[in-house]
> 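The structure is given below, and queries will be raised subsequently.
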Amino acid sequence: WDVLRWGGIETLLLPGYFRVHAADCDAPLARLRNHRYRAALQLWFDAGVVACAAGVVVSVLLLVLNLGLVVRGYVASGVGRAQESQIIVPVIPGFTIPWVHLVYLLGAVAVAGVLHELGHAVAAACEGVRVRGAGAFFLVLYPAAYVELSDEAYCLPPSSSLRVFCAGAWHNVVLSLLCALCYFLLLPALLPGLYRRPGAVVVTALAPESPLNVYMRAGDEIARVGACATDSPAAWEACLGTEQSALGSGYCSRSSDPKLLAWVVEPQLQPQCCHKGAAAGQCFLIGNTTQVCLDAAAVVSGTQRCSRSADCAGFPLASCLFPVLLEGSGPATYLPLTVRRGAERTTMLFFGSPSSLWLSVTVSDYQLRWSFMPRFLLHLPSVLGTFLAYLMSVSAALGVLNMAPVYYLDGEWALPHFVNHLMGGAPAAVKLTACRLAQGSCSALLAINMLLGLALLI
């Protein structure tokens, strides 16, 4: 480990841990103790106390509800339904969020954490409490912030203590509401000045290893996947999800025309059933042993999916056609993509799994308004929207869960003052027992929810 000091700044480096600490942070906040706006700030933090009181109830109900839904879903339909029933989901890159979203998550955690601690510091300064220090640290990858208050913070009158202890969570709730306002109202109102919505998803990036780089580029618009319209990123994901659920099914042929059935190999399977002259031909399997060389675009366009030949009884060729896969390859299907580039409109046939297509292509529902605008601006709406969504979720979770009467959270310090207000005439021993019972049971409830959430990922 290594400690470096420079002025009032101290850094500490350990394996998997890095901290920056400022020893004297009281000077910038000292003016708030006698500031002319101090009364207004105290009213602001009084609103936070009201929100905190409601948050204590909401957080406990949320933990109970989440536990009940997970258990009921598991009893009814197993792990899959239990995962779908969760309200509180552990945020683990690579499991519950994509790795590419890690930078958004870390940025949101950092902003929400700093604002949380700033709320405590400002409220403490307004109540005459000295801020002895503040800092930030990284634990493995995750950032966090903290403030160190003088012992005066624990000797304040109940109303002043509540302002200080509730300020952090209150600021997180306000930040979450502001992010929701920007995400749902402000962003859609401002972006039309530079962007337009083309009624299709716009490609903003392609995975470097994807073969689609040969045929597609940033700025292209994907209007349909097969017969499914993709007018938004949500619709794009839903269309690919539908195709993913149908993975492994075949196609009913719309024609018995010999031109469509270009080449037949039977009775045994061959490595490649299409001869060299059938440039557009693809191998399909009929039954268990017969391969046919067909025009894949003609087979999959506007037809019906099937799992057996009986599903194609009303079609000219009453057989279910399955794509022949290379040995060792995973399940795959044909996906007709309707792609627009300016005035051009083409249909591209993608062969692979819908999930690989979703991972390879990043899309947005905003197109550049003018052709001279640089292509990197295609990412701006998606980056802003994704970051606001993460900041809104992280800040709301940090605010609401911090109000829970759980050990080491803000609710642990706020609860005794609420209990004292509600049980003013009760003996001190009864109040203490009530606090310990609430804190112990809620801490166990949070731990059970967290363990169940992790267990469902295994």
Side-chain angles (χ1 to χ4, degrees), residues 200-201 210-212 215-216 222-231 235-340 345-361:
V201 292
S210 173
L212 288 171
Y215 310 100
M216 198 180 292
I222 304 176
R224 309 184 77 85
V225 176
C228 184
T230 54
D231 55 358
W236 163 259
E237 188 171 347
C239 291
L240 293 182
T242 301
E243 292 290 343
Q244 184 70 25
S245 64
L247 197 61
S249 61
Y251 306 87
C252 295
S253 174
R254 293 180 293 106
S255 173
S256 58
D257 188 344
K259 293 181 181 179
L260 181 62
L261 308 182
W263 187 263
V264 178
V265 177
E266 58 181 342
Q268 62 182 4
L269 301 179
Q270 300 292 329
Q272 179 56 264
C273 68
C274 292
H275 59 71
K276 295 181 180 180
Q282 300 291 333
C283 293
F284 287 83
L285 181 65
I286 301 178
N288 295 322
T289 59
T290 303
Q291 288 188 13
V292 291
C293 183
L294 309 175
D295 181 352
V299 172
V300 305
S301 298
T303 188
Q304 174 181 307
R305 303 298 288 270
C306 54
S307 57
R308 54 182 181 171
S309 294
D311 298 334
C312 306
F315 287 77
L317 182 64
S319 297
C320 189
L321 306 174
F322 294 90
V324 174
L325 307 177
L326 296 176
E327 185 177 353
S329 64
T333 188
Y334 286 99
L335 297 175
L337 305 178
T338 304
V339 180
R340 301 193 305 231
R345 187 186 184 99
T346 58
T347 298
M348 180 186 305
L349 199 60
F350 173 84
F351 182 66
S353 69
S355 61
S356 68
L357 179 60
W358 182 78
L359 292 172
S360 300
V361 183

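Being a predicted model, the structure only gives us computed values, none of them experimental.
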> If every non-hydrogen atom of Ala235 is compared with every non-hydrogen atom of Asp231, which pair is closest and at what distance?
CB-OD1, 3.4 Å
> Show me the side-chain donor-acceptor pairs of residues 345-353 shorter than 3.5 Å, one per line, residues at least two apart or across chains.
residue, atom, partner, partner atom, Å
Ser353, OG, Ser355, OG, 3.2
Ser353, OG, Ser356, N, 3.2
Ser353, OG, Ser356, OG, 3.1

> By the side-chain hydrogen bond (donor to acceptor under 3.5 Å, both in side chains) test, which pairs, at least two apart or in different chains, include something from residues 237-247?
Glu243-Arg305
> Can you tell me how far the SG atom of Cys228 sits from the CG atom of Leu240, to the nearest 0.5 Å?
8.5 Å
> Is a donor on one side and an acceptor on the other found under 3.5 Å between the side chain of Tyr251 and the backbone of Tyr334?
yes
> Take Val201 and Val361 through the side-chain contact (heavy atoms from CB on, under 4.5 Å) test and state the conclusion after the steps.
CA-CA 11 Å; Val201 292; Val361 183; over 6 Å; no
> Please find the pair of heavy atoms, one from Ala229 and one from Cys239, that lie closest to each other, and give the distance.
O-SG, 3.5 Å
> Residues two or more places apart in sequence or in another chain: which of them pass side-chain contact (heavy atoms from CB on, under 4.5 Å) with Cys306?
Cys252, Asp311, Cys312, Cys320
> Applying salt bridge (charged side-chain N to carboxylate O under 4.0 Å, His left out), name anything that partners Arg224, two or more places apart in sequence or on another chain.
none
> Could you measure the distance from the CG atom of Leu321 to the OG atom of Ser309? Nearest 0.5 Å is fine.
8.0 Å
> Could you tell me whether a side-chain N or O of Thr230 sits under 3.5 Å from a main-chain N or O of Ile222, the two making a donor and an acceptor?
yes
> Could you give all pairs that pass the salt bridge (Lys or Arg N to Asp or Glu O under 4.0 Å) test and reach residues 282-294, with sequence neighbours left out?
none
